[in-house]
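The next block holds one structure in the form of structure tokens; read it before the comments.
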Amino acid sequence: MKNELDFFEKVYEICREIPRGRVSSYGAIAKTIGSPMASRMVGWAMNKSHSVSPNVPAHRVVNRNGLLSGKKFFGTDTMMQQLLENEGVSIENDKVVDFEKLFWNPMKEL
DNA sequence: ACTTTGACTATAA
DNA sequence: GTTATAGCCAAAG
């Protein structure tokens, strides 16, 4: 018997709940899951997100600095930026503009 | 079973 | 402001 969802599954759920044009941080997601400093696992879950269904909007998840840390994992280093800009998020120097404004708090929204 | 890594974060120098 | 080091948790080799 499995108790609750797996660590990764929780991450996927939260990531999918991120509204378009918004962004979130690994730490916030990790904190919502229960491990405030397991942000590394969140990123690892994203790496696996290529095999989960449906696809997870990992491009909406950035580091605490608002920096597109995983941009290189999207095939091209500019793909993540393009996706965010396509949703209305402005990117400058690989960082999210007004990150605090666009920040989506999973604990507050959920 | 042990070691290394990994899309992070926080604190210190 | 940038760089270094430590702490963190779980999965992959």
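Proteins get letters first, then strands, A, B, ... in listed order; numbering begins at 1 in each.
Under the 4.5 Å side-chain heavy-atom criterion for ILVMFWY residues, no single connected hydrophobic cluster contains both A/Val23 and A/Val61.
Counting heavy atoms from C-beta outward, A/Leu67 and A/Val62 have side chains that stay 4.5 Å or more apart. Proximity of A/Leu83 to A/Met79: side-chain heavy atoms (C-beta onward) are separated by under 4.5 Å at one or more points.
Here B/dA7 presents its P atom at 11 Å from NE2 of A/His50, a figure rounded to the nearest Å. To the nearest angstrom, C1' of B/dA7 lies 14 Å from CZ of A/Phe7.
Expressed to the nearest 0.5 Å, how far OG of A/Ser35 lies from CD1 of A/Ile29 amounts to 13.0 Å.
Across all strands, A/Ala30 comes closer than 4.0 Å to no nucleic acid atom at all (heavy-atom distances). Residue A/Asn47 is in base contact, counting any heavy-atom pair closer than 4.0 Å across all strands shown.
The salt bridge (Lys or Arg N to Asp or Glu O under 4.0 Å) pairs that include a residue from residues 42-66 of chain A are A/Arg60-A/Glu87, where partners are two or more places apart or lie in different chains. Pairs passing the ring pair (Phe, Tyr, Trp, His ring centres under 6.0 Å) check and including a residue from residues 19-76 of chain A, sequence neighbours excluded, do not occur. Sorted by first and then second residue, the pairs that involve residues 16-25 of chain A and meet side-chain hydrogen bond (donor to acceptor under 3.5 Å, both in side chains), not counting sequence neighbours, are A/Glu13-A/Arg16.
Here the nucleotide nearest the side chain of A/Ser69, chosen from B/dA7, B/dT5, B/dT9, is B/dA7. Listed nucleotides: B/dA7, B/dA10, B/dT5. Nearest to the side chain of A/Met37: B/dA10.
Both A/Lys48 and A/Ser39 lie close to DNA chain C; mapped to their nearest nucleotides by heavy-atom distance, the more 5′-ward contact belongs to A/Ser39.
Boundaries of the chain A contact region on DNA chain C are C/dG7 to C/dA11, first to last in 5' to 3' order (nucleotide atom under 4.0 Å from a heavy atom).
DNA chain B lies under 4.0 Å from no heavy atom of any residue of residues 75-101 of chain A.
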Distance-only donor-acceptor hits, side chain of residues 91-105 of chain A, under 3.5 Å, sequence neighbours excluded:
residue, atom, partner, partner atom, Å
A/Asp94, OD2, A/Lys71, NZ, 2.7
A/Asn105, OD1, A/Met107, N, 2.9
A/Asn105, OD1, A/Lys108, N, 3.4

